[in-house]
2 protein chains.
Amino acid sequence: MSLAYDLNDAPNGAAAPAAALTRVLDLLGARATYTRNEEIYAQEDDVERLFRVISGVVRTTRVTIDGRRQVGDFYYPGDLFGLETGPLHEFSAEALTECQVESVRHAAVRTFAGDIELDRAILDATRRELRRVQGHVMLLGKKGAREKVAAFLLGLAEHEQFGGVDLPMGRQDMADYLGLTIETVSRMLTQLQSDNVVQFPSSRRFRVTQRYALEAIAE
Amino acid sequence: MSLAYDLNDAPNGAAAPAAALTRVLDLLGARATYTRNEEIYAQEDDVERLFRVISGVVRTTRVTIDGRRQVGDFYYPGDLFGLETGPLHEFSAEALTECQVESVRHAAVRTFAGDIELDRAILDATRRELRRVQGHVMLLGKKGAREKVAAFLLGLAEHEQFGGVDLPMGRQDMADYLGLTIETVSRMLTQLQSDNVVQFPSSRRFRVTQRYALEAIAE
DNA sequence: CGGTTAATTGAACGCATTCAACACGAGTGG
DNA sequence: CCACTCGTGTTGAATGCGTTCAATTAACCG
């Protein structure tokens with residue numbers, strides 16, 4: 001599964017429409033900075049703006065009446081978010097880390113309608129989001145804890161810098177993303193480490209030591 | 001959660017764009033009839049067409065390398081399907097029941113590009129699909145078997161005719177949709193029945209006897 | 001350094017799975 | 001009409017995986 005797609009490497013080479021969005025955001029977008037855990041928009045808020053991460057990481061979550069939390073996804077620099085379906089947000093968005101976000105009102109974007117390229121860009125972004133969520137369904141559907149955690153780490157490893165990947169989210173966020181508990185996540189992590197598949201110098205940083213094996217576990 | 005949205009009751013009153021799609025499908029769409037379990041398109045096939053169910057029910061599924069199956073969703077008359085993201089289908093689509101399907105090549109739709117309304121219609125449909133899949137994530141994420149099955153039945157009850165709802169899918173399909181086994185699904189069904197929340201005159205037909213209670217269980 | 005939050009580990013429990021047997025219904029043929 | 005079969009659904013008993021509850025350790029920050 002995949003946690004994030006960069007705007008710049010659309011799978012079908014749709015770089016041009018993405019560029020159109022970039023253009024509009026650059027032109028009309030307002031930048032804002034959020035501190036750790038600050039809310040960007042709330043569940044049930046009106047859908048008014050389209051967002052893009054400039055720096056830092058954003059997390060979307062949804063809480064059910066009885067208090068259970070589901071993490072929707074994590075968004076990295078370049079990712080669009082807030083492109084939800086209805087008039088109201090199904091998920092809320094919060095700054096996972098200190099982060100900078102650019103946003104533009106849908107209404108403002110709409111004044112650019114007629115710009116086919118722009119419409120395409122939004123459609124593409126929505127499709128990418130759809131694929132992402134479908135991946136999430138596969139992950140949650142019929143996978144064991146070990147596989148889920150392995151898949152999650154693999155997804156993060158996409159953003160690998162040389163010298164290891166860092167985990168901006170805590171265990172609780174991982175658990176709520178994977179449909180597990182923190183304890184299980186923790187156990188699986190230590191287990192994967194003792195199997196020499198990954199290595200954790202610290203609890204928020206890891207390195208894939210056997211990518212192939214990790215992929216095999218994640219399937 | 002919701003299993004299906006009708007084209008005619010878009011949540012934001014976007015009836016006009018939907019009409020544009022209807023128009024194009026009526027104009028350029030080809031109809032085909034499929035028999036029970038016949039494949040409409042396969043996983044990894046090129047994404048070439050946009051489909052709409054005329055009659056019967058369609059199921060999308062994805063099979064992992066190791067043979068586990070995940071049901072994506074069930075599509076009812078009026079529903080669009082096949083609006084996937086990439087160049088290749090992530091899921092396959094099969095006729096769950098004998099059914100009639102209308103489809104049109106994306107290329108053909110694209111010759112209508114410039115028609116803003118049409119672009120909007122496809123975007124809206126994709127957004128609706130996105131919401132549907134997000135609902136599926138919530139369902140799979142942190143719910144027990146009982147809740148999952150209750151939620152599933154509630155979703156189906158949307159298509160309730162007077163005199164009960166019918167279950168076009170077998171237990172295995174339900175299980176693969178919910179991330180459970182057939183046995184568990186079966187157990188939960190009998191349990192819900194003995195709690196007098198639903199009633200099964202036959203294994204493929206049910207009636208909600210206490211909607212409020214069922215909703216409470218599904219949360 | 002203490003104080004606080006986050007992460008790990010252990011042990012007991014419970015829910016869903018697994019494996020197996022049985023029941024039911026529809027269709028077929030004697 | 002009964003016997004037989006095949007597919008599908010239900011039920012039972014035992015196992016196992018992930019959870020729960022509790023205690024400990026590690027990381028972070030003043």
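Order of the sequence lines fixes the chain letters, A, B, ..., with proteins taken first and strands second; residue numbering starts at 1 for each chain.
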Problem set entry | Contact list for DNA chain C against residues 183-202 of chain A - heavy-atom distance below 4.0 Å | A/E183, A/S186, A/R187, A/T190
Exercise. For atom CZ of A/R36, is the number of surrounding heavy atoms from other residues, nucleotides or ligands below 6.0 Å larger than 12?
Worked result: no
Exercise. Tell me: CG of A/L167 to P of D/dA27, nearest whole Å?
Worked result: 14 Å
For this session: Nearest whole angstrom, please: distance from the P of D/dT20 to the CD of A/Q172.
Result: 11 Å
For this session: Nearest whole angstrom, please: distance from the C1' of D/dA26 to the CD1 of A/I182.
Result: 15 Å
Exercise. Of B/R62, B/R171, B/R69, which is the lone residue that meets salt bridge (charged side-chain N to carboxylate O under 4.0 Å, His left out) with B/D176?
Worked result: B/R69
Problem set entry | Whole-Å gap separating C1' (D/dC17) and NZ (A/K142) | 14 Å
For this session: Identify, with sequence neighbours excluded, every residue that meets side-chain contact (heavy atoms from CB on, under 4.5 Å) alongside A/A218.
Result: A/A150, A/A151, A/L154
Problem set entry | Below 4.0 Å: OP1/OP2 of D/dG9 and any side-chain N or O of B/R204 | yes
For this session: Nearest whole angstrom, please: distance from the P of D/dT8 to the CG of B/D176.
Result: 13 Å
Seminar exercise, completed: Closest non-hydrogen contact found for B/H89 with B/Y41 is ND1-CE1, 3.2 Å
For this session: Report yes if some heavy atom in the side chain of A/R105 is under 4.5 Å from a heavy atom in the side chain of A/L50; otherwise report no.
Result: no
Exercise. Among all residues two or more places apart in sequence or in another chain, which pass the side chain to side chain donor-acceptor pair (under 3.5 Å) test with A/E219?
Worked result: B/R68
For this session: Give the first and the last nucleotide of DNA chain C, reading 5' to 3', that has any atom under 4.0 Å from a heavy atom of chain A.
Result: C/dA6 to C/dA11
Problem set entry | Listed partners of A/R207 passing salt bridge (charged side-chain N to carboxylate O under 4.0 Å, His left out), at least two apart | none
Seminar exercise, completed: Residues passing the ring pair (Phe, Tyr, Trp, His ring centres under 6.0 Å) test with A/F81, sequence neighbours excluded, are A/F51, A/Y75
